Each structure stands twice: as structure tokens, then as C-alpha cells.
Amino acid sequence: QVQLLESGGGLVQAGGSLRLSCVASGRTASRYALGWIRRAPGKEREFVAAISWSGDSTYYADSVKGRFTIARDNAKNTMYLQMNSLKPEDTAVYYCAAKSVPRWNSDSVYTRVVEYDYWGQGTQVTVSS
């Protein structure tokens with residue numbers, strides 16, 4: 001089992017930037033594809049971005065494409081989400097999520113929320129207008 005801890009959330013004005021981090025601990029020797037999912041007040045969880053175990057494949061929701069960048073550093077067991085040009089509609093709790101993948105599967109990404117096995121506690125991002 002892997003534990004995930006997010007950080008980097010906060011309050012920012014529209015047009016500003018934030019960088020979220022997610023540190024994995026526990027069974028980090030296993031291979032995990034990772035993703036960021038968010039939940040806005042009164043709404044369902046929403047896929048934001050995903051990255052493969054190798055880091056070579058990424059995928060973004062249309063709503064964040066061109067503004068957000070996902071990355072990972074496996075040596076540091078850390079994933080990042082650089083968020084630029086933030087909008088009030090980006091306000092949400094952002095969750096880091098992990099899906100265990102077999103050794104032969106280094107490049108798949110996962111875009112469905114239900115596919116993820118492990119979740120962090122979340123970090124609040126608030127964008128003021």
C-alpha cells in the first residue's frame with residue numbers, strides 16, 4: 001500500500017499560479033501511474049491530469065489543457081501539478097491518486113476517477129476573481 005500526501009494549495013488571484021506536490025511513501029517500490037483529481041463545492045470529482053509510471057505519457061482534461069502541467073520525479077517519489085493562468089472555476093480540493101500497474105505497463109495513463117486505487121487527503125485551491 002502507498003500513502004499519498006499533497007501540498008502546495010492556497011489562495012491565489014485569478015491569473016496567478018500555484019504548484020501542487022504529491023509525495024508517495026510506503027510501497028513506493030511498486031509501480032504506480034498517477035493522477036490529479038479535483039472536487040469543487042457541490043460537484044462530483046473531476047479528472048484533471050494523469051501521468052504514466054515512466055513519465056513519458058500525460059493526459060489533461062480539456063478544461064486545464066494548456067494551463068496545467070503534470071510531472072513526476074520517481075527518484076523523489078514526488079508528482080507535481082504546475083497550475084498557471086488560474087481561474088475561479090479551478091477552485092476545488094485537489095487530490096493526488098495512484099494506480100498500481102504491472103512492470104510491463106510503463107506508459108499507460110488513467111483518466112477515469114474510479115480506476116485509481118489510492119488517494120491522498122487533498123489540498124484546497126481557491127482562486128479569487
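As the structure is a prediction and not an experimental result, all values here were calculated from the model.
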Using 0.5 Å steps for rounding, measure from the [atom1] atom of [X] to the [atom2] atom of [Y].
{"X": "Trp53", "Y": "Lys99", "atom1": "CH2", "atom2": "NZ", "answer": "15.0 Å"}
{"X": "Leu34", "Y": "Arg72", "atom1": "CG", "atom2": "CZ", "answer": "4.0 Å"}
{"X": "Ser54", "Y": "Asn105", "atom1": "OG", "atom2": "CG", "answer": "9.0 Å"}
{"X": "Leu86", "Y": "Ser128", "atom1": "CG", "atom2": "OG", "answer": "10.0 Å"}
{"X": "Tyr116", "Y": "Ser100", "atom1": "OH", "atom2": "OG", "answer": "12.5 Å"}
{"X": "Asn77", "Y": "Gln3", "atom1": "CG", "atom2": "CD", "answer": "11.5 Å"}

Indicate yes or no: at least one non-hydrogen side-chain atom of [X] is less than 4.5 angstrom from one of [Y].
{"X": "Asp117", "Y": "Tyr32", "answer": "no"}
{"X": "Leu20", "Y": "Trp36", "answer": "yes"}
{"X": "Phe68", "Y": "Leu81", "answer": "yes"}
{"X": "Ser129", "Y": "Pro88", "answer": "yes"}
{"X": "Glu46", "Y": "Ile37", "answer": "no"}
{"X": "Phe47", "Y": "Arg112", "answer": "no"}
{"X": "Leu4", "Y": "Tyr95", "answer": "no"}
{"X": "Val127", "Y": "Lys87", "answer": "no"}

If you apply the rule side-chain contact (heavy atoms from CB on, under 4.5 Å), what do you find for Thr58 with Val109, and how did you get there?
CA-CA 7 Å; Thr58 59; Val109 294; 5.6 Å; no
Can you run down the disulfide (SG to SG under 2.5 Å) pairs that involve residues 81-129, sequence neighbours left out, and say none if there aren't any?
Cys22-Cys96
Is there a chain of hydrophobic side chains (I, L, V, M, F, W, Y, each step under 4.5 Å between heavy atoms) that links [X] to [Y]?
{"X": "Val12", "Y": "Met83", "answer": "yes"}
{"X": "Val2", "Y": "Tyr80", "answer": "no"}
{"X": "Ile51", "Y": "Val23", "answer": "no"}

Looking at every heavy atom in both [X] and [Y], which two are closest together, and how far apart are they?
{"X": "Asp90", "Y": "Ser85", "answer": "OD2-O, 4.5 Å"}
{"X": "Thr123", "Y": "Gly9", "answer": "OG1-N, 3.2 Å"}
{"X": "Ser57", "Y": "Asp107", "answer": "OG-O, 3.0 Å"}

Is there a donor in the side chain of Ser106 and an acceptor in the side chain of Arg31, or the other way round, less than 3.5 Å apart?
yes
Thr78 and Asp73 side chains, donor-acceptor separation under 3.5 Å:
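Absent: no donor and acceptor within the cut-off.
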Given Tyr94, which partner from the list Gln124, Glu6, Arg39, Arg38 fulfils the side-chain hydrogen bond (donor to acceptor under 3.5 Å, both in side chains) test?
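Single side-chain hydrogen bond (donor to acceptor under 3.5 Å, both in side chains) partner of Tyr94 among Gln124, Glu6, Arg39, Arg38: Arg38.
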Contacts of Lys65 that satisfy salt bridge (charged side-chain N to carboxylate O under 4.0 Å, His left out) - sequence neighbours left out:
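Lys65 satisfies salt bridge (charged side-chain N to carboxylate O under 4.0 Å, His left out) with Asp62 only.
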Would you list the pairs meeting side-chain hydrogen bond (donor to acceptor under 3.5 Å, both in side chains) in which at least one residue belongs to residues 9-23, sequence neighbours left out?
Ser17-Asn84
Around atom OH of Tyr59, are there more than 12 heavy atoms from other residues, nucleotides or ligands closer than 6.0 Å?
no
Quick one: is the NZ or CZ of Arg45 closer than 6.0 Å to the six-membered ring centre of Trp119, and within 45° of its axis?
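Judged by the rule (NZ or CZ under 6.0 Å from the ring centre, within 45° of its axis), Arg45 counts as positioned above Trp119.
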Under the side-chain contact (heavy atoms from CB on, under 4.5 Å) criterion, do Thr69 and Tyr60 qualify, and how do the steps go?
CA-CA 8 Å; Thr69 302; Tyr60 298 91; 3.8 Å; yes
